[in-house]
Visitor: 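My questions will all concern the structure given below.
Just so you know, ligand 1 is whichever comes first in the structure, and atom 1 is the first atom listed for that ligand. Numbers here are sequence positions counted from 1. Note: hydrogens, waters and symmetry copies are ignored here, and every other heavy atom, side chains too, is used.
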Amino acid sequence: MESMYNDLEKVLFTKEQIDARIKEVAKELDKDYEGKRPIMVSILKGSIMFYADLLRAMTIKTEMDFMAISSYGNATKSSGEVKMIKDLDRSIEGRHIVIVEDIVDTGYTLNYLKATLKTRNPASVKICALLNKQERRVVDIAADYTCFEVGDEFVVGYGLDYAQIYRNLPVIGVLKKEVYSS
Ligand code: PRP
């Protein structure tokens, strides 16, 4: 039978490990944002699994909103050009914002997002990322909350895709080379 698991070289983080780490980060957010009613911004589509689990692990009052960003493709991604596909629904003036991302890679996306949101006069803008791939960083930007560090490997699962596949894997794993080089 067809299984996404056959395409994984190895599992980096199991669902149990992910859940446990998310609980810790949710606790930190609960403490840091108590009484502040933060707007939690999910960056589609990669962050959806993380976003859904993180927000359910939090106990303070929060609001949800969503943004979608697209890079101009590999050739121009090195120039850092990104484009907004879907903006937030409401004004963020005077509000505390937490951007929820699946991965910080080159940093272009978060750099753009943070700069864009800051022009709208929010009270604060912070970043909460599931994964950090430090080796690939081009722009000097860091998440304020990070669940796990990963090396320069092709990671998929738990929201992260290859050609839109593997997002619904409950684990985070490394994709076999033959899958993306064929
Ligand atoms: C991925 C990821 C981040 C961005 C990080 O999004 O979700 O938004 O790339 O890369 P960067 O730090 O190099 O900018 P992608 O464009 O693959 O869209 P997706 O979330 O829909 O998978």
Visitor: Please classify the D102 to ligand 1 contact at 4.0 Å (heavy-atom distances, strictly less than): side chain, backbone, both or neither.
Guide: side chain
Visitor: Looking only at distances, please establish whether an N/O atom of ligand 1 is found under 3.5 Å from an N/O atom of S47.
Guide: no
Visitor: Just going by heavy-atom distances, which of G107, G46, G159 is nearest to atom 12 (O) of ligand 1?
Guide: G107
Visitor: Check this for me, if you would: do E9 and K177 make a salt bridge, where the nitrogen-to-carboxylate-oxygen distance has to be below 4.0 angstrom?
Guide: no
Visitor: Taking D105's backbone N and O only, do any of them form a donor-acceptor pair with R137's side chain (distance below 3.5 Å, no angle check)?
Guide: yes
Visitor: Taking the side chain as everything from C-beta on, heavy atoms only, tell me whether L131 gets closer than 4.5 Å to E101.
Guide: no
Visitor: Please work out whether any backbone atom (N, CA, C, O) or any side-chain heavy atom from C-beta onward of R136 is under 4.0 Å from ligand 1, and answer side chain, backbone, both or neither.
Guide: neither
Visitor: Can you tell me if R167 has a non-hydrogen atom under 4.0 Å from ligand 1?
Guide: yes
Visitor: Which is closest to atom 5 (C) of ligand 1 in terms of heavy atoms, N132, I69, I103?
Guide: I103
Visitor: Provide the number and element of each atom of ligand 1 under 4.0 Å from a heavy atom of L44.
Guide: 20 (O), 21 (O)
Visitor: Applying the side-chain contact (heavy atoms from CB on, under 4.5 Å) criterion to K133, which one of V104, V150, T106 satisfies it?
Guide: V150
Visitor: Going through the checks in order, is the side-chain contact (heavy atoms from CB on, under 4.5 Å) test met by Y51 and R56?
Guide: CA-CA 8 Å; Y51 186 75; R56 280 180 292 185; over 6 Å; no
Visitor: Judged by atom type as modelled, is there a donor-acceptor pair below 3.5 Å linking the side chain of R95 to the main-chain atoms of R37?
Guide: yes
Visitor: I'd like to know if R21 pairs up with E24 as an ion pair, taking the criterion as any Lys NZ or Arg NE/NH1/NH2 lying under 4.0 Å from an Asp or Glu carboxylate oxygen.
Guide: yes
Visitor: Pick one of side chain, backbone, both or neither for how D161 approaches ligand 1, counting any non-hydrogen atom pair under 4.0 Å.
Guide: side chain
Visitor: Relative to atom 11 (P) of ligand 1, which among T106, V139, V104, L110 owns the nearest non-hydrogen atom?
Guide: T106
